[in-house]
Number of protein chains: 2
Amino acid sequence: MTTADRLVESTRELLWERGYTGTSPKAIQQRAGAGQGSMYHHFTGKPDLALAAIRRTADEMRAQAEAQLSAPGAAVDRVTAYLRRERDVLKGCPIGRLTQDPDVMASPTLREPVEETLGWLRERLSQVLAEGVARGELDPALDARETAATVVAVLQGGYVLARAAGSVEPFDQAVTGVLGLLAARVVDPAA
Amino acid sequence: MTTADRLVESTRELLWERGYTGTSPKAIQQRAGAGQGSMYHHFTGKPDLALAAIRRTADEMRAQAEAQLSAPGAAVDRVTAYLRRERDVLKGCPIGRLTQDPDVMASPTLREPVEETLGWLRERLSQVLAEGVARGELDPALDARETAATVVAVLQGGYVLARAAGSVEPFDQAVTGVLGLLAARVVDPAA
DNA sequence: GTCTATAAAGAGATAGAC
DNA sequence: GTCTATCTCTTTATAGAC
């Protein structure tokens, strides 16, 4: 891994753990095993490095979601697979957490990948649910767009509850709860 | 309002806007119109002041939730009233956001009110839903605890989506979505 | 109680040698 | 490309006068 790569990876970890405000250039350099001169040679400063880190994390998150959501199978099963996927629940969502960082939200450049990624995720889930309705798997009265927002919100909020509780339990409950509600809208093939 | 009160109120605002790490004693003093000597006379330091601020916010949040949830009426209506209550959506939840503050979560003292408040909220919503089931308003198969976690997660996650989008829309969609799912579990009195 | 002075440490860079 | 030196602000206090 090149020095530039190690700097980006260290920044990704620190942004996840401590957020933008809580992450200093010095901490990034130490974790990457690079000196100041090295960091300012490859990047113009903290915002530039953060942008590279956020973009890489956003790309990764999108690819992982797409892996579950584009799989073959019923819409509910794909949504279930996505929600039940192994996650570092107590660390939270590396993109969602940036939403609480005032300096990130104040910068159109840094904010853009955050907005784009969560917007894409809602849209993609909406497609999957709409497909389920079109195929006769789900209640035609189900609003795909709203339900997609609900599912993404359960994920993001589940992280918050888990971190507050210091336990994965509320996250699992919230996911199980929304899947239970969704199951009631699955059209019974026997009916 | 006393100087101590103004300091606590300023801290509450700043914790909401910028989080614990992003809030400096100097910023607190300026917003409160108080000098350093004044602040350090009334409080031992930033953590002490933050604790007072967090506790006050937690008490307020609990009282507001209780106002909707203890009202007369059907369980679904009370949950709806709670979710639909007027909120400063783009500012997010002043308690939930602290979950992303590593220094808050690392301090058992600062963390306690956060954990307590969100734990109480899940428990209280669970009671309301269980009551709905017991009264025959809701499908007996509905798991009150899990559904309560889902509802609280939708709120917390809805804030995240709204902030990411820079718009209240995804929050409203997520809330409408979960209420739509819940409506399908309401027992039809005509049946 | 509130004010001003002082200060050690960290944040976030820039400059120039190697 | 990487290193060390230097620099300006900010953070988070403490000390002591008023």
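What you see below is based on every heavy atom in this structure, not just the backbone, and it leaves out hydrogens, waters and symmetry mates. The chains referred to below are lettered A, B, ... by the order of the sequence lines, with proteins before strands, and numbering in each begins at 1.
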* Distance check: side-chain N/O of Lys26(A) vs OP1/OP2 of dA11(C), anything under 4.0 Å? -> no
* To do: Take the protein atom CZ of Phe43(A) and the nucleotide atom P of dG12(C), then report the distance between them rounded to whole Å.
  => 16 Å
* Separation of Gln30(A) atom CD from dG10(C) atom C1', in whole Å? -> 11 Å
* Counting side-chain heavy atoms from C-beta on, which of dG1(C), dT2(D), dA11(C) comes nearest to His41(B)? -> dG1(C)
* To do: Give the nucleotide from the list dT14(D), dG12(C), dA13(C) with an atom nearest to the side chain of Gln36(B).
  => dT14(D)
* Do the charged groups of Arg111(A) and Glu116(A) touch, with an N to O distance under 4.0 Å? -> no
* NA contact type, Gly37(A), heavy-atom cut-off 4.0 Å: base, sugar-phosphate, or nothing? -> base
* Rounded distance (Å) that lies between atom P of dA13(C) and atom CD of Gln29(A) -> 10 Å
* Structure fact -> Ranking dC3(C), dT2(D), dT12(D) by distance to the side chain of His42(A), first place goes to dT2(D)
* Given atom CD1 of Ile28(A) and atom C1' of dG12(C), what is their separation to the nearest angstrom? -> 11 Å
* Asked: Looking across every strand, which nucleic acid part, if any, lies under 4.0 Å from Thr21(B) by heavy atom: base, sugar-phosphate, or nothing?
  -> nothing
* Asked: In whole Å, what is the span from the CG atom of Leu14(A) to the C1' atom of dG10(C)?
  -> 15 Å
* Test item: Arg18(A) side-chain N/O and Thr23(A) main-chain N/O as donor-acceptor pair under 3.5 Å -> no
* To do: Output the single nucleotide from dA13(C), dG12(C), dT2(D) whose closest atom is nearest the side chain of Ser24(A).
  => dG12(C)
* **Distance in angstrom units between Tyr40(B) OH and dT4(C) C1', rounded** => 15 Å
* **Cation-pi check, Lys91(B) onto Tyr159(B) ring (under 6.0 Å, within 45° of axis)** => no
* To do: Only one of Arg124(A), Arg78(A), Arg85(A) passes salt bridge (charged side-chain N to carboxylate O under 4.0 Å, His left out) with Glu66(A); say which it is.
  => Arg124(A)
* **Spacing of Met39(B) atom CE relative to dT2(C) atom P, expressed in whole Å** => 13 Å
* Given dA13(C), dT2(C), dC3(D), the nucleotide with the shortest approach to the side chain of Pro47(A) -> dA13(C)
* To do: Could you verify whether a donor N or O on one side chain and an acceptor N or O on the other, from Arg145(A) and Ser126(A), lie under 3.5 Å apart?
  => no
* Atom OH of Tyr20(B) and atom P of dT11(D): how far apart are they, to the nearest Å? -> 13 Å
* Asked: Can a side chain N or O of Thr3(B) be found less than 4.0 Å away from OP1 or OP2 on dG1(C)?
  -> no
